[in-house]
There are 2 protein chains.
Amino acid sequence: MAEQISELLRKNQLSVTDNRKKILELFLQSDSALAHHDIEARTKEKFDRVTVYRTLQTFMDRGIIHTIPTADNSVKYALCKDSCEQGHHHDDHVHFICSSCGTTTCLEEIHIPEIKLPRGYKTKQTEVVISGVCKLCS
Amino acid sequence: MAEQISELLRKNQLSVTDNRKKILELFLQSDSALAHHDIEARTKEKFDRVTVYRTLQTFMDRGIIHTIPTADNSVKYALCKDSCEQGHHHDDHVHFICSSCGTTTCLEEIHIPEIKLPRGYKTKQTEVVISGVCKLCS
DNA sequence: ATATATTATGCAACTTTGTTGCAATTTTAG
DNA sequence: CTAAAATTGCAACAAAGTTGCATAATATAT
Ligand SMILES: [Mn+2]
Ligand SMILES: [Mn+2]
Ligand SMILES: [Zn+2]
Ligand SMILES: [Zn+2]
């Protein structure tokens, strides 16, 4: 996996640093989305808080991760698919938040439907976030 | 309008206070959703920051307002329709965020489609947030 | 209308979250 | 290996959100 991670960083024209490798590793190991807080907690002995902020921002810019909006002021992050590139994300999948275990997951296989808006509105991106009870909790 | 506002508070078993009246007035006057920050800015000479937090929480609890999730850690609030009640919101409409003027609006007339999830997942609520260019900006 | 009980508010003190500039360190490229 | 470029940690802030408690406002019952 170490090589896979360095590869991904180089592919995105980023210096390969301990911090970036560690954060990418966290994302690759996790099957659910991570909040800034989660990442900070799992790396705080090694890396500064500010570095985590900057790394997440950098990964966003390069299209390595995407955000998942939530209704409680706690943005989550998850890995993008290969098709995402600088500034242009193509994560057209639904996100699910389990109200029982709290995890947020990308449902890659569930595509976002097209929604027709009133005259004059132009759609750039559509986000669908479904809350309920997940597979494991039900 | 003053009477309409007091009425709404009483209907929800809330004391009629200056603070609550003022915040409800802001929502009724605005045709777009408001962030906590917006409300604080428009009331800060009169009311304490903490009171605004508590009032928004109370209005949420009673089903007077609902939140609109965004991908940038800035939850917005908007008035609910009459059908919403304590703990049970029925705002099954799409939300729109204009990337030009920044406003967030409820598209009451656009209903949220049903999305079929994989086996085992149970849907409680579906949120759809579309970003793009609004009617006025295009 | 007045007194009493209930609820809401403001304030202070605090915690958490996010930002910026800059010097020191690490990484990359030659 | 060296020099240039980029990343990091630190300090110092700023902004956002929380909690306990005394005071003030509102509602309820005489
Ligand atoms: Mn996703
Ligand atoms: Mn709405
Ligand atoms: Zn779950
Ligand atoms: Zn607009």
Side-chain angles (χ1 to χ4, degrees), chain A residues 2-3 5-26 33-62 64-65 67-77 86 102 104, chain B residues 2-3 5-26 33-62 64-65 67-77 86 102 104:
Chain A
E3 192 43 43
I5 287 173
S6 301
E7 193 83 15
L8 180 54
L9 287 170
R10 273 191 288 267
K11 202 183 71 182
N12 286 280
Q13 288 132 6
L14 292 173
S15 306
V16 179
T17 67
D18 288 353
N19 161 63
R20 288 174 180 163
K21 283 191 285 188
K22 178 62 180 168
I23 292 184
L24 269 189
E25 190 188 336
L26 287 179
L34 300 171
H36 172 95
H37 180 267
D38 300 326
I39 296 166
E40 203 182 303
R42 289 171 169 80
T43 60
K44 70 167 155 247
E45 300 92 15
K46 279 183 83 70
F47 306 109
D48 192 80
R49 212 156 56 83
V50 177
T51 303
V52 175
Y53 279 111
R54 292 198 271 227
T55 301
L56 290 175
Q57 185 57 57
T58 300
F59 286 179
M60 282 288 294
D61 293 346
R62 302 303 165 108
I64 297 174
I65 58 176
T67 55
I68 302 162
T70 66
D72 69 334
N73 257 346
S74 73
V75 170
K76 303 250 179 158
Y77 301 88
Q86 312 216 166
T104 300
Chain B
E3 191 44 43
I5 288 172
S6 301
E7 193 84 17
L8 180 54
L9 287 170
R10 271 190 288 268
K11 203 184 69 182
N12 285 279
Q13 286 133 7
L14 292 173
S15 307
V16 179
T17 68
D18 288 353
N19 161 63
R20 288 174 180 164
K21 283 191 285 188
K22 178 62 180 169
I23 293 184
L24 269 188
E25 190 189 335
L26 287 178
L34 300 171
H36 172 95
H37 178 86
D38 301 325
I39 296 166
E40 202 182 304
R42 289 172 170 78
T43 60
K44 69 167 155 248
E45 300 92 16
K46 279 182 84 69
F47 306 109
D48 191 81
R49 213 156 54 85
V50 177
T51 304
V52 175
Y53 280 111
R54 294 198 268 228
T55 301
L56 290 173
Q57 185 57 58
T58 301
F59 285 179
M60 283 287 293
D61 293 346
R62 302 302 166 109
I64 297 173
I65 59 176
T67 55
I68 302 162
T70 67
D72 70 334
N73 259 345
S74 73
V75 169
K76 304 249 180 158
Y77 301 87
Q86 311 216 167
T104 299

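Naming convention: chains lettered A, B, ... in sequence-line order (proteins, then strands); numbering from 1 in each chain. Everything numeric in this text was worked out from a predicted model, so none of it was measured.
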Query raised in the report: If we only count heavy atoms from C-beta on, is the B:Thr43 to B:Leu26 side-chain gap below 4.5 Å?
Result: yes
Requested in this report: Take A:Leu24 and A:Arg20 through the side chain to side chain contact (heavy atoms under 4.5 Å, CB included) test and state the conclusion after the steps.
Outcome: CA-CA 6 Å; A:Leu24 269 189; A:Arg20 288 174 180 163; 5.8 Å; no
Requested in this report: Check the distance between C:dA8's P and B:Asn12's CG and give it to me in whole angstrom.
Outcome: 13 Å
Query raised in the report: Within this structure, what is the CD-to-C1' distance between B:Glu45 and C:dG10, rounded to whole angstrom?
Result: 16 Å
Enumerate all atom pairs, one protein N or O and one N or O from nucleotides 23-30 of chain D, separated by less than 3.5 Å.
residue : atom : partner : partner atom : Å
D:dA27  : OP1  : B:Val16 : N            : 2.9

Query - Heavy-atom side-chain contact between B:Arg42 and B:Lys22 under 4.5 Å - result: no
Report task. Answer whether the closest heavy-atom distance between the side chains of B:Phe59 and B:Asn12 falls below 4.5 Å. Result -> no
Query raised in the report: Counting only N and O atoms by type, is there a donor-acceptor contact under 3.5 Å from the side chain of B:Thr70 to the main-chain atoms of B:Ser74?
Result: yes
Query raised in the report: In whole angstrom, what separates A:Phe47's CZ from D:dG9's C1'?
Result: 12 Å
Query raised in the report: Closest to the A:Arg20 side chain: D:dC10, D:dG20, D:dT7?
Result: D:dT7
Query raised in the report: Atom CZ of A:Arg54 and atom C1' of C:dG18: how far apart are they, to the nearest Å?
Result: 12 Å
Query raised in the report: Is it true that B:His36 and B:Tyr53 have ring centroids separated by less than 6.0 Å?
Result: yes
Query raised in the report: For B:Asp38 and D:dA15, what is the distance between atoms CG and P respectively, to the nearest whole Å?
Result: 16 Å
Query raised in the report: Could you give the CG-to-C1' distance, from A:Asn19 to C:dT27, as a whole number of Å?
Result: 13 Å
Requested in this report: Round to a whole Å and report the spacing from NZ of A:Lys46 to P of C:dT26.
Outcome: 12 Å
Query raised in the report: Can you find a heavy atom in the side chain of B:Leu34 that is under 4.5 Å from one in the side chain of B:Ile65?
Result: no
Query raised in the report: Does the side chain of B:Glu7 come within less than 4.5 Å of B:Glu3's, by heavy atoms?
Result: yes
Query raised in the report: Within this structure, what is the NZ-to-C1' distance between B:Lys21 and C:dT9, rounded to whole angstrom?
Result: 15 Å
Extract from the structure each pairing of a protein N or O with an N or O of nucleotides 12-17 of chain C at less than 3.5 Å, listing the distance.
none

Query raised in the report: Looking just at side-chain N and O atoms, do A:Asn19 and A:Thr17 make a donor-acceptor pair shorter than 3.5 Å?
Result: no
